[in-house]
Amino acid sequence: MPSLITQLSHILGQVFESEGLDKSFGRVIVSDRPDLAQFQCNGAMAAARSAKKNPRAVAEVVVAKLKDNALFSKVEIAGPGFINLTLTDDALKNYVSSIVADPRCGAEKIAQGENVVLDYGGPNVAKAMHVGHLRSSIIGDSIRRILKFSGYNTIGDIHMGDWGTMMGMVISELELQHPDWVYFDKDYTGDYPTESPVTIEDLAIIYPKASGDSKAAPERMALSHAATVELQNKRRGYYALWQHMLRVSIESMKANFAALNVQFDIWKGESDVHDLIAPMVDDLKQKGYAVESDGAIVVHVKKNDDNKEFPPLILYKRDGGVMYGTTDLATLVDRMREYNPVKMLYIVDQRQNLHFNQVFRAGYITKIVPESVELNHLGYGTMNGTDGKPFKTRDGGVLRLEDLIAMGREKALQRLEEAHVGDDFSKEEREDIAMKVAIAAIKFADLQNNRIADYVFDLDRMTSFEGKTGPYLLYQAVRIKSLLDKAGYKTGGEIIISDIDRPLYLMLSELSEVIENAARNYTPHVICDHAYKLAQAFSSFYGNTHILSEENAAQKQSWLTLSAMVLAQLELMLNLIGVNVPKRM
RNA sequence: GGUCCCGUAGCUCAACUGGAUAGAGCACCUGCCUUCUAAGCAGGGGGUUACAGGUUCGAUUCCUGUCGGGAUCACCA
């Protein structure tokens, strides 16, 4: 079932076409001036330019052909050539009735199961997750949900940092601290213990020390590099220790992501493509794509028509080590082979834009990725504090992710107590509600802006739960649930449209385009925005209209149906940004 | 210095990719809980869209320049 706006665009498009003009000029959008019309088409003005005609004259012709269409109660020309459209209530009612029982709430699909790989999250093994991982995780997860709903087969890959120098740092640090451990005995040939010798808490202390020491002293760094190389050569003891750290870290990551309600389809890491690197580089050397430069092996990615510098992608450093670009290129090999996707999307900090451009160019140049596949770096800005500088805690450290979530939950619990909401709920339910409120607040605050630039992370604002926030949306959804519950609502009945509820029905008809816009441009914020507007419009209606005391039974049933539709769309949109609604709050 | 991104209300952000009167939230004022959850609703003040040109019926959006902020510029990730 095409959306209402699709249907209208089709009708207008046919009229333009019958006049020898491109049918794309018939594109209909929601009116900017609700006081004048419900929908509008600006195509006459654009068409006039290409056809060298008067815009109003073009509009006149189009309007003349729409006059007797029974869908419209009003078709007018305004200003330089805007075509203003208003539907009859019958037409609106017909459309709304057609989506009332639709689980997709009228949203069309834009894909037919094509594979899309999304790369987000990117936590590091042995390193505690902190607020820096937040944006990638929740933006990536939301885009995954949106594309999946839109008809793609999505493959969300967590792409862990599990194979770089930091692993060598930690291993060498452990060896310095515990030289007697069996993992460091080169002559040992037996089995290693099944229990990990380190916990995630240990790692949270060890990594910063190892990293700091390595950066401070070249000879300490040399140990880290040596350990990295030995690990990558799979020295038995190191590899066993690494597996322990991997397992311990994944456990901790899973707890964090479960709390955030962020999901992945596959849990691969840099280590998974390690064995692909040597054959890949050999192959590229043979084909002439990889060449020696200054002692390193590189792929040149600068094109002739570039007016800017494009450093080559380094595959092997002068010392023979590999870089993250090497791993990323090998990951392209892996993903093409495993999934043959139409798109590969990277939700990673905008600062890595140049790096990804290098990798993508190298991917196309070497034919690892065909030109038909979209490679896209969806960058996002740095998370700043209210002072405009990169976010730090009061004592200057990084805020751990679990601490952030705990802070949000505390605030929400406090709010529940103040409002005496849930005094009679079980402790478990109150905690569950607080958790959902906290997650909604954190995610909505982040996802509501589209800025590639920076993002101001303001905990106080986020947990005030007032105004345009995630908890506001939960609150409105829960109120509707409570209303339907009290009314004992069952589906059925005619939809009756009147002045006080017409804006809401019109808004319900916009969902398909909103989600399509978000899916095509990878912009979850348009969903946040529309969800907020819908919630606000309903809240206004709810405040002015007492539904349960309505005496006209048919009217009451119609309003309950409207409420149920608003709720369904709200929950759908919240789901697309990874937010769950509690039963009550 | 080269390249890229950004500059919209006091603050944080939108503006359907060139459309009509630039919209929200916070903060500030005024009302509204003995009828469905006040984490709410109704209303008010607040703008030369950094600045200067250009393109056209029409510019926050596209082009040029200036100013200001940020990022990045091959052996770290």
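Per chain, numbering begins at 1; letters A, B, ... match sequence-line order. These numbers come from a predicted model, not from an experiment.
Between B:U49 and B:C62, the two C1' atoms lie 16 Å apart (nearest whole Å). A gap of 16 Å separates the P atoms of B:C36 and B:C41, to the nearest Å. Rounded to whole Å, the separation between the P atoms of B:G2 and B:G54 comes to 27 Å. Rounded to whole Å, the C1' atom of B:A9 lies 6 Å from the corresponding atom of B:G47. Across the P atoms, B:A42 and B:U56 are found 44 Å apart, a figure rounded to whole Å. Between B:G70 and B:C28, the two C1' atoms lie 32 Å apart (nearest whole Å). Going from the C1' atom of B:U12 to that of B:C73 covers 32 Å, rounded to whole Å. For the C1' atoms, the distance linking B:G43 with B:A71 amounts to 44 Å, nearest Å.
Pair assignment for B:C4 gives B:G70, based on Watson-Crick or G-U wobble hydrogen-bonding distances that are each under 3.5 Å. Here B:G65 sits opposite B:C51 as a Watson-Crick or G-U wobble pair (both hydrogen-bonding atom distances under 3.5 Å). Summarising the base pairing, B:A9 is matched to no nucleotide, lacking a Watson-Crick or G-U wobble pair whose two defining distances lie under 3.5 Å. Base-pair partner of B:G19: B:C57 (Watson-Crick or G-U wobble, both distances under 3.5 Å). Base-pair partner of B:G45: not found among the strands shown (Watson-Crick or G-U wobble, both distances under 3.5 Å).
Across all strands, A:Ala487 comes closer than 4.0 Å to no nucleic acid atom at all (heavy-atom distances). Backbone-only engagement by A:Glu270 is indicated by non-hydrogen atom pairs under 4.0 Å involving sugar-phosphate atoms exclusively. Using a 4.0 Å heavy-atom distance criterion, A:Leu560 is classed as making no nucleic acid contact. Backbone-only contact: A:Arg461 has heavy atoms under 4.0 Å from sugar-phosphate atoms and none from a base. When heavy atoms are screened at a 4.0 angstrom cut-off, A:Leu354 is found touching the sugar-phosphate backbone but no base atom. Within 4.0 Å of A:Pro55, counting heavy atoms only, lies no atom of the nucleic acid at all. Using a 4.0 Å heavy-atom cutoff across all strands shown, A:Asp454 reaches sugar-phosphate atoms only and no base atom. A:Asp328 comes within contact range of no nucleotide atom at all, as no heavy-atom separation falls under 4.0 Å. Residue contacts for A:Asp458: at a heavy-atom cut-off of 4.0 Å it reaches no nucleic acid atom on any strand shown. Base engagement by A:Thr545 is indicated by at least one non-hydrogen atom pair under 4.0 Å involving a base atom. Nucleic acid contact class of A:Val478 (heavy atoms, under 4.0 Å, all strands): base. Using a 4.0 Å heavy-atom distance criterion, A:Leu474 is classed as making no nucleic acid contact. Within 4.0 Å of A:Met166, counting heavy atoms only, lies no atom of the nucleic acid at all.
Between A:Tyr472 and B:C41, a side-chain N or O to OP1/OP2 separation shorter than 4.0 Å is present. In this model, the phosphate group of B:A38 is approached by a side-chain N or O of A:Arg479 to a distance below 4.0 Å at OP1 or OP2. In this structure, A:Arg33 does not reach the B:A20 phosphate: none of its side-chain N or O atoms is under 4.0 Å from OP1 or OP2. Under 4.0 angstrom from either OP1 or OP2 of B:G40 there lies no side-chain N or O belonging to A:Ser539. Taking side-chain N and O atoms only, A:His525 has a distance below 4.0 Å to OP1 or OP2 of B:A15. OP1 or OP2 of B:U37 sits under 4.0 Å from a side-chain N or O of A:Lys486. In this structure, A:Gln536 reaches the B:G25 phosphate: one of its side-chain N or O atoms is under 4.0 Å from OP1 or OP2. At B:A20, none of the side-chain N or O atoms of A:Ser31 fall inside 4.0 Å of OP1 or OP2 (strictly under the cut-off). Remark: A:Ser540 is in phosphate contact with B:A42, judged by side-chain N or O atoms under 4.0 Å from OP1 or OP2. Residue A:Tyr324 has no polar side-chain atom (N or O) positioned under 4.0 Å from OP1 or OP2 of B:A77. Between B:U37 and A:Ser482, a contact under 4.0 Å exists linking OP1 or OP2 to a side-chain N or O.
Once the 5.5 Å centre distance and the 30° plane angle are applied, the aromatic ring of A:Tyr542 is found stacked with the base of B:C36. The aromatic ring of A:Phe82 does not sit over the base of B:G19; the criterion of centres under 5.5 Å apart with planes under 30° is not met.
Taking only distance into account, the side chain of A:Gln40 meets the base of B:A20 through a donor-acceptor pair shorter than 3.5 Å. Not a single donor-acceptor contact under 3.5 angstrom links the side-chain atoms of A:Asn450 to the base of B:A15. If you check distances only, the side chain of A:Ser293 does reach the base of B:A74 with a donor-acceptor pair under 3.5 Å. Checked by distance alone, A:Arg351 brings no side-chain donor or acceptor within 3.5 Å of a matching partner on the base of B:G70.
A salt bridge does not link A:Lys285 with A:Glu292: none of the charged nitrogens is closer than 4.0 Å to a carboxylate oxygen. Remark: A:Glu466 does not engage A:Arg461 in a salt bridge, criterion side-chain N to carboxylate O under 4.0 Å. Remark: A:Asp432 engages A:Lys436 in a salt bridge, criterion side-chain N to carboxylate O under 4.0 Å. A salt bridge is defined here as a Lys NZ or Arg NE, NH1 or NH2 lying under 4.0 Å from an Asp or Glu carboxylate O, and A:Lys468 with A:Asp529 meets this definition.
Here B:A20 is the nucleotide among B:A14, B:A20, B:A74 with the atom lying nearest to any side-chain atom of A:Asn84. In this structure, of B:U37, B:G19, B:U35, it is B:G19 that holds the atom nearest to the side chain of A:Pro80. Of the candidate nucleotides B:A20, B:A74, B:C36, B:A74 has the atom lying nearest to any side-chain atom of A:Ile314.
Side chains of A:Ser172 and A:Arg220: a donor on one and an acceptor on the other come within 3.5 Å.
Taking the six-membered ring wherever Trp is involved, the centroid distance between the rings of A:Tyr472 and A:Tyr532 falls below 6.0 Å. Aromatic ring centres of A:Phe360 and A:Tyr346 lie closer together than 6.0 Å.
Residue whose closest nucleotide on RNA chain B sits further toward the 5' end, between A:Phe39 and A:Gly164: A:Phe39.
Figure legend: cation-pi geometry between A:Arg415 and A:Phe465 absent, as NZ or CZ is not positioned both under 6.0 Å from the six-membered ring centre and within 45° of its axis.
With its glycosidic angle more than 90° from 0, B:C73 is assigned anti.
Annotation: A:Lys53, atom NZ; neighbour count of heavy atoms from other residues, nucleotides and ligands within 6.0 Å does not exceed 12.
Put simply, the side chain of A:Leu329 reaches to within 4.5 Å of the side chain of A:Leu284, judged on heavy atoms.
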